[in-house]
Number of protein chains: 2
Amino acid sequence: MSTGIVTDLRPPESSSAIVRKLGAMTLLSEMEISFLESLQINRIQVEDQVDFIQDGQDLKATFIVTSGWAIRYLLTEDGRRQILSFALPGDILGLHINFQRKSTYNAAGIHDLELAVIDPLRTIEVSQKYPVLSAGFSWCTAREFAILGDQALRLGRLSAFKKLCHLLLELWHRLRLINETDGPWFELPLRQIDLADALGLSNVHINRQLQDMRRAGLITQQKNWIKIEEVEKMIEIAEFDTSHLAEFRI
Amino acid sequence: MSTGIVTDLRPPESSSAIVRKLGAMTLLSEMEISFLESLQINRIQVEDQVDFIQDGQDLKATFIVTSGWAIRYLLTEDGRRQILSFALPGDILGLHINFQRKSTYNAAGIHDLELAVIDPLRTIEVSQKYPVLSAGFSWCTAREFAILGDQALRLGRLSAFKKLCHLLLELWHRLRLINETDGPWFELPLRQIDLADALGLSNVHINRQLQDMRRAGLITQQKNWIKIEEVEKMIEIAEFDTSHLAEFRI
DNA sequence: CGGCCAATTGATTAAACTCAATCTGCGTGG
DNA sequence: CCACGCAGATTGAGTTTAATCAATTGGCCG
């Protein structure tokens, strides 16, 4: 059994996504790592576009994305969808369960999603017994908040072209921090209509903007994969602020 | 000195806004109330449109709005502003200071803003010694998150007219929970350009939509005050979901 | 070979922006 | 007390962006 002494600067590649993510933020002891791993015993698969959290309904558990993507979204009365954010491997959903019983958003799977289902009581255990992990979770919350702020900036003040560049950069940066990119390439398991609903645009317009981006040599697409051809140039175009996603070591 | 026994269901009107707000969420002991009040010793006044938190800069303290309004916002490279949210009396800014040193947004005063400045060390004290208050702060965070989600829905999927209705309803509801409304009336210390920057629209368009709303008999304006003529009708028009702002008693 | 879903295209419409000018209320200095 | 200046509100005209509607195409799976 671990003595709680820090044994490694970075968790190995084989760790779960949440361990990799928190391990990039702060030093984790073996005890903390094994506790984090033990949280993730119950796993479920969620089908594409199927809800696992529903707006207005009681939240049953906290979820950690172990592989695949999820979306958080809201619906208007007439069925229009606004995607609020994408949850990538290592991201946590429903951490607020102990303070707000009912969910204020929907969450659904994208493509092949696998979740670790965490008993709410165990998140309380974290705050009582694992201050470092508790801080880690708070850091995740603050980060989500920053990401949602960037989403609002995109929605309100960027052109369609810049919106797309900005979102692709966000996803690429976030995926890179969890080793889910292959150089400039990453898997983008989204239909054009998902991008449209994330950016407050129509699918037709997304289609045309993507064509423009390809013609401008900014991106290349292959099946579900996309390549950012010139990161620096795209950062300039989209006025992207990488510091909002930066790691922060306590 | 208090024994920590709960003595009153609701804090009196004379309490500070944060006490009223958390007191509406859960039962607070006299000890918790007096601790909350003791946090707010250092107060500052912030002039209209003057920043007290800056994107990318070190966050110096946690702030509680004691009177007036603040805005959280981001800027694009070319100076366009996106207001992310309004901080009303009782709202907390920079609660994440212990987990994310640099701010990921700007915050500025609106009209006459007064803030309580809280030493970051004291927010740690809260999490160690006052579990109920700690839960209250987490509840505030979850609520901010829901409000920001609604803002994203507005920005991405509502028409200009509905955006305005939706925002006015949010403000009216939030102000009502802290006793800052006068029936259907409330003070709206915003210029048209502030509304524009909150809703991702131009000031010219806001002007025309406000005229349409007045002509439709939905609102009446007097100086800085505004009256929601028919709340139910406006809720219907804006597809407003009041449950996202609902109080929740632990 | 169908059938289906997603991507693409073309044409038209609608929403909101931009630019520039004018108006209004209010505070200030002469 | 009035002229002036200023910021914010209002108006008008023309332009741009993106939505909508309606086909059509392409790729994949059974």
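Order of the sequence lines fixes the chain letters, A, B, ..., with proteins taken first and strands second; residue numbering starts at 1 for each chain. Note that these values count all heavy atoms, side chains included, but never hydrogens, waters or copies made by symmetry.
Shown here is A:Glu47, whose CD atom has no more than 12 heavy atoms of other residues, nucleotides or ligands within 6.0 Å. Within 6.0 Å of CD in B:Gln221 there are more than 12 heavy atoms belonging to other residues, nucleotides or ligands.
Using cut-offs of 30° and 60° on the angle between ring planes, the pair A:His173 and A:Phe240 is parallel.
The CZ-C1' distance, from B:Arg208 to D:dT10, rounds to 8 Å in whole Å. As rounded to whole Å, 11 Å separates atom P of D:dT11 from atom CG of B:Asp212. Between the P atom of D:dC21 and the NE2 atom of A:His205 lies a distance of 17 Å, rounded to the nearest Å. In this entry the distance linking CG of A:Asp78 with C1' of D:dT20 reads 14 Å, nearest Å. Between B:Gln221 atom CD and D:dT10 atom C1' the separation is 13 Å, expressed in whole Å.
The minimum heavy-atom distance linking A:Leu169 with A:Ala238 is given by the pair CD1-CB, 4.1 Å. Minimum heavy-atom separation, B:Val65 to B:Leu88: CB-O, 3.4 Å. The two residues A:Leu93 and A:Ala70 come nearest to each other via the heavy atoms CD1-CB, 4.3 Å. Shortest non-hydrogen contact noted between B:Ala108 and B:Tyr73 is CB-CE2, 3.9 Å.
Among pairs with a residue in residues 163-172 of chain B, those fulfilling salt bridge (Lys or Arg N to Asp or Glu O under 4.0 Å) read B:Arg154-B:Glu170, B:Glu170-B:Arg174, at least two apart in sequence or across chains. Applying the salt bridge (Lys or Arg N to Asp or Glu O under 4.0 Å) test to pairs two or more places apart or on separate chains, none has a residue in residues 67-77 of chain A.
In this view, A:Arg191 and A:Asp194 satisfy the salt bridge (charged side-chain N to carboxylate O under 4.0 Å, His left out) rule, not counting sequence neighbours.
Within the nucleic acid shown, B:Lys223 comes within 4.0 Å of sugar-phosphate atoms alone, with no base atom in reach, counting heavy atoms only.
Contacts between chain B and DNA chain C, taken as any atom within less than 4.0 angstrom of a protein heavy atom, begin and end at C:dA16 to C:dC26.
In the helix from C:dC1-D:dG30 to C:dG30-D:dC1, the terminal helix axes, each the rotation mapping four pairs' C1' atoms onto the next four within five end pairs, subtend 30°, rounded to 10°.
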Using atom names, set out every protein N or O paired with an N or O of nucleotides 6-9 of chain D below 3.5 Å, distance rounded to 0.1 Å.
unit_1 : atom_1 : unit_2   : atom_2 : d
D:dG8  : OP1    : B:Arg191 : NH1    : 3.1
D:dA9  : OP2    : B:Gln192 : N      : 3.1

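Side-chain N/O atoms of A:Arg80 include one lying less than 4.0 angstrom from OP1 or OP2 on D:dT20.
Of the N and O atoms on the side chains of A:Ser103 and A:Gln54, not one donor lies less than 3.5 Å from an acceptor on the other residue.
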